[in-house]
Q: 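Here it is, the structure in full.
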Amino acid sequence: MQRRKFLKKSSLSTAGILSAPILASCKTEPKTKNIVTTDSTIKPIVIATWNVPNATAEAWEVLQKSGSALDAVEAGVKMEEADINNQSVGKGGRPDRDGNVTLDACIMDQNGNCGAVVYMQNVTHAISVARKVMEDTPHVMLAGSGAEKFAYEKGFPKENLLTEKSKAEWLEWKKESKYAPVINIENHDTIGMLAIDAKGDISGACTTSGMAYKMAGRVGDSPVIGSGLFVDNEIGGATATGQGEEIVKTVGSFLVVELMRQGRSPQEACEEAVNRIIKNDPNYKDIQVGYIAVNKKGETGGYCIHPGFSYRVYSEEGHENITSKSYL
């Protein structure tokens, strides 16, 4: 079955006002208006959640070699997935309450194609599996054992993702089994990355091991196109980090991009998206959510609820970690 026909049928059967247009955007054929001509004023850029200099440097190197934005964001976030010292992404991530490290990821290219995996175990590079879902299947998302089986079929090795450090912390947590996420620590659960290449094309990637000691089966915003990540090659892209439940409720990254479509700057759009959460949740002081965004001009922005969130930007102007403005 052709991917476009498959998604067309899926969207017709999908309930909800927002779900249909979001799924409809995940198609293989680019919109006519998305065709971008080479422009000497276009300047490549990489932006990522949190202070992840190795990841942004890796992505920037791809762009400097005339690589695509899609290749750049995949290469960039893979650095964090493989870093066992990063306990919120990939191998070495903190497990769920049952001691299982489960990964979520999604990726989206300049043509609106997207792929995702959710609740996948035993495979380090969830972002690369998500890309294979996008490129090699008629689907957008694979979950659990199905995603894991698909990964093995594509040649990804089986690995034990639970390191001794994360295991020891989990065993210590089990003594009380008290779940109370710490702002900017356990909620620091995602690397989201956006890039613009020399052609002016935008792509994005988002990957996570989720909240520490979450209920088995819990999935946040990170693998959900429109929530944890969204790209519109005409306008820009956005990605999110923090408590995914709140981001899903407002379809946050899609909201940021649509606000930019209406004329907001990336900074203004991120601020409004955070304000929507604050208006809807009286307990907003107990959670952290952060957004970053880039528009077609290469302008960037970031905003969060609590202080402590930062984001990395790599461009011709330099490599900088920026402390995000916050509501509180």
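Atom set for the values below is all heavy atoms of this structure, side chains included, hydrogens, waters and symmetry mates excluded.
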Q: Is there a side-chain contact between I287 and I277 (heavy atoms, below 4.5 Å)?
A: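 Side-chain contact under 4.5 Å: yes.
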Q: Looking only at side chains, do T124 and E159 share a donor and an acceptor under 3.5 Å apart?
A: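 The criterion, which ignores hydrogens and geometry beyond distance, is satisfied for E159 and T124.
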Q: Listed by chain and number, what are the salt bridge (charged side-chain N to carboxylate O under 4.0 Å, His left out) partners of E316, not counting sequence neighbours?
A: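 Once residues adjacent in sequence are excluded, E316 has no partner under the salt bridge (charged side-chain N to carboxylate O under 4.0 Å, His left out) criterion.
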Q: What pairs with N122 under side-chain contact (heavy atoms from CB on, under 4.5 Å), at least two apart in sequence or on another chain?
A: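 Here the qualifying residues are E148, Y152, K158.
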Q: F156: what forms a ring-ring contact (aromatic ring centres under 6.0 Å, His included) with it, not counting sequence neighbours?
A: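 Not a single residue meets the ring-ring contact (aromatic ring centres under 6.0 Å, His included) criterion with F156.
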Q: Check L142 against V133 and note the closest heavy-atom contact, atom names and distance.
A: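 So the two residues come closest at CD1-CG2, 3.8 Å.
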Q: Is it the case that the side chain of N295 and the backbone of K297 share a donor-acceptor pair, with hydrogens and angles ignored and the cut-off at 3.5 Å?
A: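 Checking the backbone N and O of K297 against the side chain of N295, a donor-acceptor pair under 3.5 Å is found.
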Q: I'd like to know if the side chain of S253 reaches the main chain of S227, judged simply by a donor and an acceptor atom lying under 3.5 Å from each other, with no hydrogens or angles considered.
A: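 It does hold such a pair.
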Q: Atom CD of residue position E153 - does it have more than 12 heavy atoms of other residues, nucleotides or ligands inside 6.0 Å?
A: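 More than 12 heavy atoms, drawn from other residues, nucleotides or ligands, come within 6.0 Å of this atom.
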Q: If every non-hydrogen atom of G220 is compared with every non-hydrogen atom of D104, which pair is closest and at what distance?
A: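 Scanning both residues completely, I find the closest heavy atoms to be N-OD2, 4.3 Å.
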Q: Does any part of the side chain of I305, heavy atoms only, come nearer than 4.5 Å to the side chain of V274, both counted from C-beta?
A: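 Yes; the side chains approach each other to less than 4.5 Å.
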Q: Side chains of Q267 and E299: do they bring a donor and an acceptor to under 3.5 Å?
A: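 No, no side-chain donor-acceptor pair sits under 3.5 Å.
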Q: Over 60° means perpendicular and under 30° means parallel, so tell me whether Y284 and Y327 are parallel, tilted or perpendicular.
A: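 Perpendicular, since the angle between the ring planes exceeds 60°.
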Q: Between A293 and I47, what is the shortest heavy-atom contact and its length?
A: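 Looking at all heavy atoms of both residues, the shortest contact is O-CD1, 3.9 Å.
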Q: Could you state whether I235 and L229 fall into the same hydrophobic cluster, counting links through intermediate Ile, Leu, Val, Met, Phe, Trp or Tyr residues with side-chain heavy atoms under 4.5 angstrom apart?
A: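 Yes, I235 and L229 fall within the same hydrophobic cluster.
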Q: Do E135 and K132 meet the salt-bridge criterion of a basic N to acidic O distance under 4.0 Å?
A: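 Looking at E135 together with K132, the answer is no, because their closest N to O distance does not fall below 4.0 Å.
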Q: Decide side-chain contact (heavy atoms from CB on, under 4.5 Å) for T239 and I292; before the verdict, give the C-alpha distance in whole Å, the side-chain angles of both, and the deciding distance to 0.1 Å.
A: CA-CA 6 Å; T239 187; I292 61 170; 3.4 Å; yes
Q: One pair to check against side-chain contact (heavy atoms from CB on, under 4.5 Å): C304 and Y291. What are the steps and the verdict?
A: CA-CA 6 Å; C304 58; Y291 291 103; over 6 Å; no
Q: Under the side chain to side chain donor-acceptor pair (under 3.5 Å) test, which residues partner E74, sequence neighbours left out?
A: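 If we apply the side chain to side chain donor-acceptor pair (under 3.5 Å) test to E74, skipping adjacent residues, the hits are S128, R131.
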Q: Evaluate the side-chain proximity of M215 to R97: yes if any heavy-atom separation is below 4.5 Å, no if none is.
A: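 They are in contact (side-chain heavy atoms under 4.5 Å apart), so the answer is yes.
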Q: If you look only at pairs with a residue in residues 96-131, which of them pass as a ring pair (Phe, Tyr, Trp, His ring centres under 6.0 Å), with sequence neighbours excluded?
A: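 Of all non-adjacent pairs touching residues 96-131, none passes ring pair (Phe, Tyr, Trp, His ring centres under 6.0 Å).
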Q: Is there a side-chain contact between R312 and H319 in this structure, where contact means two heavy atoms from C-beta onward sitting under 4.5 Å apart?
A: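 Result yes, sub-4.5 Å side-chain heavy-atom pair found.
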Q: Are the side chains of N54 and E58 in touch, meaning some heavy atoms are under 4.5 Å apart?
A: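 No, side chains not in contact.
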Q: Testing the basics here: between S310 and N321, what is the closest heavy-atom pair and its distance to 0.1 Å?
A: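 Taking every non-hydrogen atom into account, OG-OD1, 3.3 Å.
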Q: Keeping the roles fixed (side chain from N160, backbone from L162), state whether a donor-acceptor pair exists under 3.5 Å.
A: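 Yes, N160 side chain to L162 backbone: donor-acceptor pair under 3.5 Å.
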Q: Any ion pair linking R218 and E245 (charged N to carboxylate O, less than 4.0 Å)?
A: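 Salt bridge: yes.
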Q: Test your reading of the model: is there a side-chain donor-acceptor pair from N280 to the backbone of R276, 3.5 Å cut-off?
A: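 It does hold such a pair.
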Q: Please determine whether side chain to side chain donor-acceptor pair (under 3.5 Å) holds for the pair T207 and E81, giving the CA-CA distance in whole Å, both sets of side-chain angles, and the decisive distance to 0.1 Å.
A: CA-CA 8 Å; T207 183; E81 289 179 332; 2.7 Å; yes
Q: Which residues, ordered by chain and number, are linked to L259 in its hydrophobic cluster, where ILVMFWY side chains connect at heavy-atom gaps below 4.5 Å, directly or through other members?
A: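 Besides L259, the cluster holds L255.
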Q: Please test S203 against D201 for side chain to side chain donor-acceptor pair (under 3.5 Å), starting from the C-alpha separation and ending with a verdict.
A: CA-CA 7 Å; S203 293; D201 287 330; over 6 Å; no
Q: Check this for me, if you would: do R94 and E169 make a salt bridge, where the nitrogen-to-carboxylate-oxygen distance has to be below 4.0 angstrom?
A: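 Counted as a salt bridge, because a side-chain N and a carboxylate O are separated by less than 4.0 Å.
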Q: If you look at every heavy atom in K285 and H306, which pair is closest and at what distance?
A: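 Closest approach of K285 to H306: O-NE2, 2.8 Å.
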Q: Is the shortest heavy-atom distance from the side chain of D232 to the side chain of R261 under 4.5 Å?
A: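 With C-beta onward as the side chain, the pair touches.
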Q: Do I107 and M134 make a side-chain contact, defined as non-hydrogen atoms from C-beta onward lying under 4.5 Å apart?
A: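 Of all side-chain heavy-atom pairs linking M134 with I107, at least one is under 4.5 Å.
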Q: Side chain to side chain donor-acceptor pair (under 3.5 Å) with E61: which residues, sequence neighbours excluded?
A: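 With sequence neighbours excluded, E61 shows a side chain to side chain donor-acceptor pair (under 3.5 Å) to K65, given in chain and number order.
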Q: What do the steps show when you test L103 against V123 for side-chain contact (heavy atoms from CB on, under 4.5 Å), and what is the final call?
A: CA-CA 8 Å; L103 306 182; V123 179; 5.9 Å; no
Q: Please identify each residue that fulfils side chain to side chain donor-acceptor pair (under 3.5 Å) with K154, with sequence neighbours left out.
A: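 Only D136 meet the side chain to side chain donor-acceptor pair (under 3.5 Å) criterion with K154.
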Q: According to side-chain contact (heavy atoms from CB on, under 4.5 Å), who are the partners of K249, at least two apart in sequence or on a separate chain?
A: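 For K249, the residues satisfying side-chain contact (heavy atoms from CB on, under 4.5 Å) (neighbours in sequence not counted) are E246.
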Q: Can you sort out the partners of I84 under side-chain contact (heavy atoms from CB on, under 4.5 Å), two or more places apart, ordered by chain and number?
A: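 If we apply the side-chain contact (heavy atoms from CB on, under 4.5 Å) test to I84, skipping adjacent residues, the hits are K91, T163.
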Q: With no hydrogens and no angle check, is any side-chain donor or acceptor of N283 less than 3.5 Å from a backbone partner on D286?
A: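 Pair absent, no side-chain N/O of N283 close to backbone of D286.
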Q: Would you check if the side chain of N111 reaches a backbone N or O of N113 as a donor-acceptor pair within less than 3.5 Å?
A: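 Absent.
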Q: Before we go on, tell me: are the rings of W50 and F309 under 6.0 Å apart, centre to centre?
A: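 Yes, they do, as the ring centres are separated by less than 6.0 Å.
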Q: Might you point out which heavy atoms bring A269 and M260 nearest each other, and give the distance in Å?
A: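 That would be CB-CG, 3.8 Å.
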Q: May I ask you to check whether S222 and T190 show a side-chain donor-acceptor distance below 3.5 Å?
A: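 Yes, side-chain donor-acceptor contact under 3.5 Å.
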Q: Looking at residues at least two apart in the chain, or sitting in another chain, which of them share a ring-ring contact (aromatic ring centres under 6.0 Å, His included) with Y303?
A: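 Y303: no ring-ring contact (aromatic ring centres under 6.0 Å, His included) contacts found.
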Q: Would you check, one step at a time, whether the test side-chain contact (heavy atoms from CB on, under 4.5 Å) holds for Q121 with V101?
A: CA-CA 6 Å; Q121 300 183 46; V101 179; over 6 Å; no
Q: What pairs of residues pass the ring pair (Phe, Tyr, Trp, His ring centres under 6.0 Å) test when at least one of them lies in residues 55-108, not counting sequence neighbours?
A: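 Output for this query lists W60-Y314.
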Q: With a 4.5 Å limit on heavy-atom distance, are the side chains of V257 and V231 in contact?
A: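 No, every pair of side-chain atoms sits at 4.5 Å or beyond.
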